[in-house]
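Throughout, protein chains are lettered first and strands after them, A, B, ... in sequence-line order, and every chain is numbered starting at 1.
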Amino acid sequence: MHRHFEDLLEGLRVNLIKMGSLVDEQLDLAFRALHDRDLQATTKVYETEKKVNDFDNLLDQQVDEIMALEQPVAADLRLVVSAIKMNHELERIGDVAVNIAQRVEPLRDFPELVRKTAILEMGDVARRMVHDSIDSFIHADAELARRICKQDDVVDEMNRQKFRFVIDEMKKDPAVVEPGAHLIVALKHIERIADHATNIAEDVVFLVDAKVIKHHAADKG
Amino acid sequence: MNHFLDSYKIRITVAAAAGVVIYLVLLLVGSIFPLTGPGLTLHLLLTAFVGTMLAFGFLEVLVAFRKRQTKILNMIVDALRRISAGDLSVQLPETGAIELRQVSKLTNQIVGNLKQDISKLEKLERVRSEFLANVSHELRTPIFSIQGFIETLIDGAIDDPKVNREFLQKAYEHSVRLNTLLNDLIEISRIESGEMRMSFRYFNLPEFMRSIVEELEHKAEKKSIQIVCQLPEREILVLGDRERLRQVLSNLIDNSIKYTDDGGKVEVGFTDLQGTVRVYVRDNGSGIGEEHLGRIFERFYRVDKDRSRSVGGTGLGLAIVKHIIEAHNSRIEVRSELGKGSEFSFLLKK
């Protein structure tokens with residue numbers, strides 16, 4: 001493998017980690033803003049989104065260059081293919097972080113409802129999944145990636161329970177119908193974050209073990 | 001095990017039989033191809049005698065060789081018996097046939113490896129015992145203090161408004177110290193067992209360092225120590241585990257504040273290098289003697305035991321710092337001069 005190709009692949013890896021670092025921070029900011037009802041923090045979430053989008057474009061360019069000039073094979077090809085998919089997932093997580101930040105203002109005057117729904121508890125699980133999925137890529141840890149995939153069911157179950165709870169609250173008190181609707185949307189966003197983290201984890205398993213496990217492909221043998 | 005050739009009589013008999021066979025064969029050859037000449041019978045007898053002697057010589061050499069190999073084999077068997085009984089002072093001579101030389105050589109190597117492993121295990125056991133002794137001692141100190149204050153309070157001091165609050169405050173401070181020590185112990189055992197996973201991310205170093213300095217500024221102000229932290233405004237991204245590095249820098253700055261006299265100065269910053277940055281914390285405090293520099297990162301090693309405890313050190317801080325920096329594929333470096341101050345620094349990848 002020649003030096004230029006090695007540099008291109010290393011550059012791709014470094015930018016993926018940089019983008020992952022930004023998204024991880026952005027998600028942390030969005031949940032902290034929701035917890036602290038901090039509108040100033042939401043501004044930082046929107047600002048970070050611009051940087052995430054720049055990385056999305058940059059990674060696309062790098063992938064195009066590697067594919068056009070180097071035609072990678074085997075593990076190198078898996079890195080490039082995983083980079084395309086992970087870039088997409090990270091960009092989507094960034095978008096969802098913005099969506100969550102947008103719920104801070106409408107939910108600002110209903111801290112009790114937010115507390116009782118324990119949406120942040122679900123957010124912590126999803127955020128941890130994103131955090132661990134980035135770690136699994138950095139450490140090429142397929143075992144960790146597989147454990148993340150199992151967590152998705154936990155978040156799905158939390159979503160169902162909390163959705164039921166919010167509906168019951170809305171039935172009891174019409175005054176919470178509007179914040180309740182925002183909460184349901186936020187719950188859906190968090191559930192999507194867990195899905196994206198699971199997809200990244202599946203990409204890591206593909207990258208490290210050259211095995212496809214998405215849609216429970218591994219179970220089917 | 002005995003061989004039939006080991007008997008001297010049998011060897012003579014075999015050699016004589018060989019001489020008879022040679023004589024008979026020569027006679028047979030003589031009857032097929034008529035041989036004539038003076039002294040033929042004497043000549044044949046002489047040839048048979050020489051054959052007998054040669055056969056005897058050959059048998060002697062063979063038996064001597066066999067005896068030597070048996071002796072070496074017996075030595076190896078004896079050595080293996082001693083090894084299995086736990087005696088590792090065995091050293092086999094590497095002689096004899098090539099196979100026996102190999103067996104002896106391998107046996108010596110196995111003994112050497114076993115000796116090394118045992119000495120490593122003994123060292124580990126010694127470190128473990130020392131560690132346990134240190135832990136017990138460190139835990140006992142605050143526990144005894146808490147017990148002492150509470151006992152005094154129970155014995156009547158609780159009704160004495162002059163001391164009751166002070167004693168409670170002291171008991172509380174010791175419980176905080178106990179908690180810090182336990183946290184450090186949990187941390188170091190997690191690091192050493194490999195349980196702690198690093199979460200490497202790119203982050204803005206100047207912003208990160210400013211936030212740590214802000215947190216510790218009030219502590220420095222109490223001792224009128226000035227923290228100098230001149231950092232660039234622009235973004236400089238470095239790769240590392242932010243939370244662990246926060247622990248490292250807080251620990252280093254905290255140490256500098258502790259071991260610098262009132263009115264002193266602590267400098268925190270970094271030097272931008274090619275592909276890396278060197279992060280440093282330096283002070284103009286008491287400094288560390290050269291004889292201690294190599295050991296300050298050991299668990300529970302203290303340059304000045306009394307001073308360390310009085311400033312609230314657990315003796316584990318620098319050991320944790322060293323582990324975290326090494327997990328970043330870097331190395332913590334220290335330069336110090338007694339009475340002039342110290343500098344701790346490490347490299348981070350950009």
Side-chain angles (χ1 to χ4, degrees), chain A residues 6-7 10-29 32 40-41 44 47-48 50-52 54-55 58-59 86-87 90 93-94 97 124 127-148 151 197 200-201 204 208, chain B residues 186-187 190-215 231-250 270 272-279 323-330 346-350:
Chain A
E6 268 178 46
D7 290 346
E10 185 54 23
L12 187 70
R13 242 181 73 81
V14 166
N15 281 333
L16 258 180
I17 298 173
K18 281 185 179 168
M19 187 177 181
S21 307
L22 268 181
V23 171
D24 200 19
E25 203 179 317
Q26 192 188 15
L27 209 53
D28 185 37
L29 270 172
R32 250 192 296 153
Q40 217 174 353
K44 277 192 190 163
E47 281 168 10
T48 312
K50 286 175 202 149
K51 290 186 192 170
V52 172
D54 287 344
F55 268 110
L58 179 64
L59 279 161
M86 284 167 63
N87 177 22
L90 288 171
I93 296 172
D124 274 347
R127 210 179 71 73
R128 174 53 56 187
M129 284 173 73
V130 173
H131 187 85
D132 287 351
S133 69
I134 298 167
D135 276 356
S136 72
F137 170 70
I138 294 172
H139 296 292
D141 187 345
E143 266 320 296
L144 174 62
R146 284 193 167 89
R147 286 204 298 274
I148 296 164
Q151 287 277 299
I200 293 175
V204 171
V208 179
Chain B
I186 292 168
E187 188 78 4
R190 278 183 66 206
I191 296 170
E192 290 186 357
S193 65
E195 234 181 88
M196 191 174 75
R197 189 182 71 232
M198 290 284 154
S199 283
F200 294 122
R201 299 288 186 272
Y202 280 95
F203 60 91
N204 185 10
L205 185 63
E207 190 187 319
F208 168 75
M209 289 178 79
R210 261 192 290 271
S211 74
I212 297 170
V213 168
E214 272 169 26
E215 277 171 23
L231 299 165
E233 284 302 317
R234 69 194 165 92
E235 183 181 78
I236 294 174
L237 294 180
V238 292
L239 182 68
D241 186 318
R242 199 163 33 183
E243 288 318 306
R244 299 288 166 205
L245 288 174
R246 179 178 291 277
Q247 210 176 334
V248 166
L249 275 175
S250 300
F270 65 87
D272 203 346
L273 306 166
Q274 186 87 32
T276 54
V277 291
R278 176 170 289 280
V279 180
H323 279 298
I324 293 175
I325 295 302
E326 282 176 356
H328 284 73
N329 287 326
S330 186
F346 55 90
L347 289 177
L348 280 181
K349 198 180 156 211
K350 274 210 286 188

(message) The criterion is ring pair (Phe, Tyr, Trp, His ring centres under 6.0 Å); which residues satisfy it with Phe270(B), sequence neighbours excluded?
(response) none
(request) Please name all residues satisfying side-chain hydrogen bond (donor to acceptor under 3.5 Å, both in side chains) with Arg278(B), sequence neighbours left out, ordered by chain then number. (result) Ser345(B)
(request) Select one option (side chain, backbone, both, neither) describing which atoms of Leu22(A) are under 4.5 Å from chain B's heavy atoms. (result) neither
(request) Pick one of side chain, backbone, both or neither for Ile17(A), based on which atoms fall under 4.5 Å of a heavy atom in chain B. (result) both
Please tabulate, one pair per line, the N or O donor-acceptor pairs under 3.5 Å between chain B and chain A.
residue: Arg197(B); atom: NE; partner: Asp135(A); partner atom: OD2; Å: 3.2
residue: Arg197(B); atom: NH2; partner: Asp132(A); partner atom: OD1; Å: 2.6
residue: Arg197(B); atom: NH2; partner: Asp135(A); partner atom: OD2; Å: 3.1
residue: Met198(B); atom: O; partner: His139(A); partner atom: NE2; Å: 2.6
residue: Ser199(B); atom: OG; partner: His131(A); partner atom: NE2; Å: 2.9
residue: Ser199(B); atom: OG; partner: Asp135(A); partner atom: OD1; Å: 3.2
residue: Ser199(B); atom: OG; partner: Asp135(A); partner atom: OD2; Å: 2.6
residue: Arg201(B); atom: NE; partner: Asp24(A); partner atom: OD2; Å: 2.9
residue: Arg201(B); atom: NH1; partner: Asp135(A); partner atom: OD1; Å: 2.9
residue: Arg201(B); atom: NH2; partner: Asp24(A); partner atom: OD2; Å: 3.3
residue: Arg201(B); atom: NH2; partner: His131(A); partner atom: O; Å: 2.9
residue: Arg201(B); atom: NH2; partner: His131(A); partner atom: ND1; Å: 3.3
residue: Arg201(B); atom: NH2; partner: Asp135(A); partner atom: OD1; Å: 3.3
residue: Tyr202(B); atom: N; partner: Ser21(A); partner atom: OG; Å: 2.8

(message) Glu192(B): which residues meet the salt bridge (charged side-chain N to carboxylate O under 4.0 Å, His left out) condition with it, sequence neighbours left out?
(response) Arg299(B)
